[in-house]
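Quick notes on the structure that follows.
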Amino acid sequence: MPIILYSITSEYYIMTDDICVKAQTISKASALVPLHRMKKFYMEAAAASNITILNHPVTFDPEASWLQFHLGINRYALYSRDDSSVDRLLRDMQTATVISADFTQDEKALKGACDCSQVVKPSGLHLKLALKLQDFGKAMFKPMRQERHEETPENFFYFVDFQRHNAEIAAFHLDRVLDFRRVPPVAGRFINVTGEILYITHNEELRSVFFNSPANNTCFFAKCLYVCKSEYAVCGHPDLLEGSMSAYLPGLSIAPRISIPNPWIRAYSFTGREEWEVNPLYCDNVKKLYPYNSGNRLLNIIDMAIFDFLTGNMDRHHYEIFTKFGDDGFLLHLDNARGFGRHSSDEMSILAPLTQCCMIKRSTLFRLKLLAKSEYRLSDVMRESLSRDPLSPVLTEDHLQALDRRLGHVLRTVGKCVKKLGEPQVVITDFVEAV
């Protein structure tokens with residue numbers, strides 16, 4: 001099995017999960033010791049396996065797109081409208097050399113291999129990998145699990161639905177079109193699962209879940225708590241596999257985040273129901289509670305609900321915020337892979353925060369009305385935006401048309417609220433300071 005040696009020539013770097021910096025204080029001799037030992041280990045392993053060691057030059061560029069993206073994060077959004085680093089980051093995730101592959105923090109936490117306070121317990125339907133790129137950028141790879149034309153069966157519960165790579169891509173573009181800018185950049189890419197995962201990972205457990213299918217395709221499946229069988233594997237054709245590449249946010253040691261339960265969380269059981277599902281006045285109770293009793297938090301929750309309704313994502317059980325920006329910071333719209341599952345129906349319950357609270361940001365309403373006009377129709381803008389992704393067409397025409405239909409539902413809901421309560425009480429000025 002090929003083993004990759006990462007060589008750094010002429011200059012020496014200290015690399016952590018969060019950032020790579022040039023070492024100014026270590027001597028050349030001290031840096032050579034671990035590199036020499038590592039090379040000797042790999043040479044011996046390669047000789048025993050009769051393989052050739054591949055040599056990837058690794059460089060750190062202070063102008064790297066992933067680093068510029070991190071530096072551009074502010075209290076209002078992940079990036080500004082004119083941030084050129086985002087388009088560069090998309091191109092880099094599509095083309096940059098992958099130098100290592102590993103399980104994500106979620107999978108590692110199950111075995112106590114990382115200090116992860118907030119994780120998702122993976123299943124065989126929840127497969128993702130952390131890929132490190134040649135400039136030390138990192139991306140989360142989610143492989144294709146479902147064909148674009150396939151709809152989620154109507155008898156599936158939302159918490160056992162497939163995670164769709166194209167939903168992650170489309171959600172990033174929709175978030176950008178809506179001018180929220182709260183989804184990290186996502187790009188589509190074809191990955192060679194042999195050369196860009198199997199042969200470069202140092203994780204024996206990850207290697208152990210690879211196998212060749214009867215059709216001689218290279219496949220792998222998830223190491224997880226349940227549904228962890230080869231029947232749920234993903235396979236290349238024979239090695240190429242399409243998937244989404246989602247840019248990592250800064251590490252928690254640099255930019256701490258907290259995960260907060262969504263007030264409109266669903267019951268993750270077959271029979272349970274939450275209070276908001278049976279109490280039409282539920283929002284009145286939410287408005288009395290910190291941090292929803294002042295500032296923008298509740299308005300941001302409603303933004304998120306509109307976003308999820310447009311994508312059809314029922315799986316928004318938590319949201320995350322950067323602690324640095326306090327109560328007035330924006331909400332991160334992460335994990336959108338369970339959107340765009342059904343185009344033939346609209347799940348109106350996702351809009352509960354809007355229908356029950358009858359509030360919306362003025363800027364959000366302005367953008368929604370603009371995207372309802374024939375010259376700026378949401379489906380047309382999305383089609384054009386998605387056409388630039390390597391995996392285009394990312395969404396079927398049915399899903400694009402569903403966006404227009406759902407946008408109509410949102411605007412009619414706002415119209416009913418205005419008719420009932422008056423515009424001043426419904427349409428709220430943005431960025432109200434918390435008290």
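These values consider heavy atoms only, across backbone and side chains, with no hydrogens, waters or symmetry-generated copies. Computed from a predicted structure; not experimentally measured.
- The two residues L127 and P143 have their closest heavy-atom pair at O-CD, 3.2 Å.
- Minimum heavy-atom separation, M245 to A139: CE-CB, 3.7 Å.
- Atoms CZ and CG, from R406 and D404 in turn, are 11.0 Å apart once rounded to the nearest 0.5 Å.
- The two residues Y248 and M140 make their nearest non-hydrogen contact at CE1-N, 3.5 Å.
- Side-chain N/O atoms of W264 and E277 include no donor and acceptor closer than 3.5 Å.
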From CA spacing to verdict: side-chain hydrogen bond (donor to acceptor under 3.5 Å, both in side chains), R266, S349:
CA-CA 10 Å; R266 294 178 180 274; S349 65; 2.7 Å; yes
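- In summary, the side chains of N166 and R145 do not present any donor paired with an acceptor at a separation below 3.5 Å, with no hydrogens or angles considered.
- More than 12 heavy atoms of other residues, nucleotides or ligands lie within 6.0 Å of CZ in F325, so this atom counts as buried by the packing criterion.
- Between the side chain of W66 and the backbone N or O of D92, no donor-acceptor pair lies under 3.5 Å.
- By the 4.5 Å heavy-atom criterion applied to side chains, H318 and I260 are not counted as neighbours.
- N262 contributes a side-chain N or O that, together with a main-chain N or O of R316, makes up a donor-acceptor pair within less than 3.5 Å.
- Side chains of D82 and S80: a donor on one and an acceptor on the other come within 3.5 Å.
- The backbone N or O of D175 lies less than 3.5 Å from no partner atom in the side chain of R182, so there is not a single donor-acceptor pair.
- Distance alone, capped at 3.5 Å, is enough to place a donor-acceptor pair between the D430 side chain and the S363 backbone.
- Side-chain contact between F180 and F330: absent, with no pair of heavy atoms (C-beta onward) separated by less than 4.5 Å.
- A distance-only check finds a donor-acceptor pair linking the side chain of R367 to the backbone of V177 [under 3.5 Å].
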For the pair H173 and R176, evaluate side-chain hydrogen bond (donor to acceptor under 3.5 Å, both in side chains) and give the outcome as yes or no after the intermediate values.
CA-CA 5 Å; H173 285 261; R176 204 177 187 184; 5.8 Å; no
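- Side-chain N/O atoms of E168 and S244 include no donor and acceptor closer than 3.5 Å.
- Checked by atom type, the side-chain pair Q146/R164 shows a donor-acceptor distance below 3.5 Å.
- Looking at W276 and V286, their side chains never come closer than 4.5 Å, going by heavy atoms from C-beta outward.
- Rounding to the nearest 0.5 Å places CG of L371 at 5.5 Å from CG of L378.
- Without hydrogens or angle criteria, N216 side chain to S213 main chain gives no donor-acceptor distance under 3.5 Å.
- Note: Q425 CD to C358 SG = 8.5 Å, rounded to the nearest 0.5 Å.
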Before giving the answer on side-chain contact (heavy atoms from CB on, under 4.5 Å), spell out for F190 and Q94 the whole-Å C-alpha distance, their side-chain angles and the decisive distance to 0.1 Å.
CA-CA 8 Å; F190 282 99; Q94 294 162 8; over 6 Å; no
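- No donor-acceptor pair closer than 3.5 Å links the side chain of D239 to the backbone N or O of V193.
- When every heavy atom of P184 is checked against every heavy atom of A247, the shortest pair comes out as CB-O, 3.6 Å.
- In terms of heavy atoms, L411 sits closest to A372 at CD1-CB, 3.6 Å.
- A pairwise comparison of heavy atoms in L89 and P185 identifies CD2-CG, 3.9 Å as the closest pair.
- Taking 4.5 Å as the limit, some side-chain heavy atom of I191 sits within range of a side-chain heavy atom of E196.
- Between the side chain of N296 and the backbone N or O of L299 there is no donor-acceptor pair closer than 3.5 Å.
- Considering only heavy atoms from C-beta on, F141 comes within 4.5 Å of L241 through its side chain.
- Side-chain contact between L368 and I360: present, with at least one pair of heavy atoms (C-beta onward) separated by less than 4.5 Å.
- Under the ring pair (Phe, Tyr, Trp, His ring centres under 6.0 Å) criterion, F309 pairs with no residue at all, not counting sequence neighbours.
- With S208 contributing its side chain and E205 its backbone, the two residues share a donor-acceptor pair below 3.5 Å.
- The pair D179-R181 meets the salt-bridge criterion, since a charged nitrogen lies less than 4.0 angstrom from a carboxylate oxygen.
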side-chain contact (heavy atoms from CB on, under 4.5 Å) for L90 and V186? Distances and angles first, verdict last.
CA-CA 7 Å; L90 293 174; V186 184; 5.7 Å; no
Step by step, would you call S85 with Q68 a side-chain hydrogen bond (donor to acceptor under 3.5 Å, both in side chains)?
CA-CA 6 Å; S85 69; Q68 295 304 309; over 6 Å; no
Apply the test side-chain hydrogen bond (donor to acceptor under 3.5 Å, both in side chains) to residues N192 and Y199: give CA-CA distance (whole Å), side-chain angles for both, the deciding distance (0.1 Å), then the verdict.
CA-CA 10 Å; N192 185 309; Y199 285 176; over 6 Å; no
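- Within the structure, side chain to side chain donor-acceptor pair (under 3.5 Å) contacts touching residues 387-397 (residues at least two apart or in different chains) are R383-E397.
- Of the inter-residue distances, the one linking L400 atom CG with R405 atom CZ reads 12.0 Å to the nearest 0.5 angstrom.
- Using cut-offs of 30° and 60° for the angle between ring planes, the Y79 and F172 rings count as tilted.
- The cationic atom of K287 (NZ for Lys, CZ for Arg) does not lie both less than 6.0 Å from the six-membered ring centre of Y292 and within 45° of the ring axis.
- Side chain of T413 to backbone of T355: no donor-acceptor contact under 3.5 angstrom is found.
- Put simply, the side chain of R257 reaches to within 4.5 Å of the side chain of L249, judged on heavy atoms.
- Within the model, atoms CZ of F322 and CG of L332 stand 5.0 Å from one another, a figure rounded to the nearest 0.5 Å.
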Test side-chain contact (heavy atoms from CB on, under 4.5 Å) on L395 and L386 and set out the steps.
CA-CA 8 Å; L395 293 178; L386 290 168; 3.9 Å; yes
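- Checking Q401 against H343 by side-chain atom types alone, no donor-acceptor pair falls below 3.5 Å.
- The shortest distance between side-chain heavy atoms of I350 and M314 falls below 4.5 Å.
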R148 and E242: CA distance, side-chain angles, deciding distance, salt bridge (Lys or Arg N to Asp or Glu O under 4.0 Å) verdict
CA-CA 12 Å; R148 287 162 176 70; E242 70 172 75; 2.8 Å; yes
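- Distance check, rounded to the nearest 0.5 Å: CG of L174 to CG of L403 gives 6.0 Å.
- Looking at H409 and D346, their side chains do bring a donor and an acceptor atom within 3.5 Å of each other.
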T218 and N212: CA distance, side-chain angles, deciding distance, side-chain contact (heavy atoms from CB on, under 4.5 Å) verdict:
CA-CA 5 Å; T218 303; N212 285 333; 3.7 Å; yes
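- In summary, the side chains of N300 and K361 do present a donor paired with an acceptor at a separation below 3.5 Å, with no hydrogens or angles considered.
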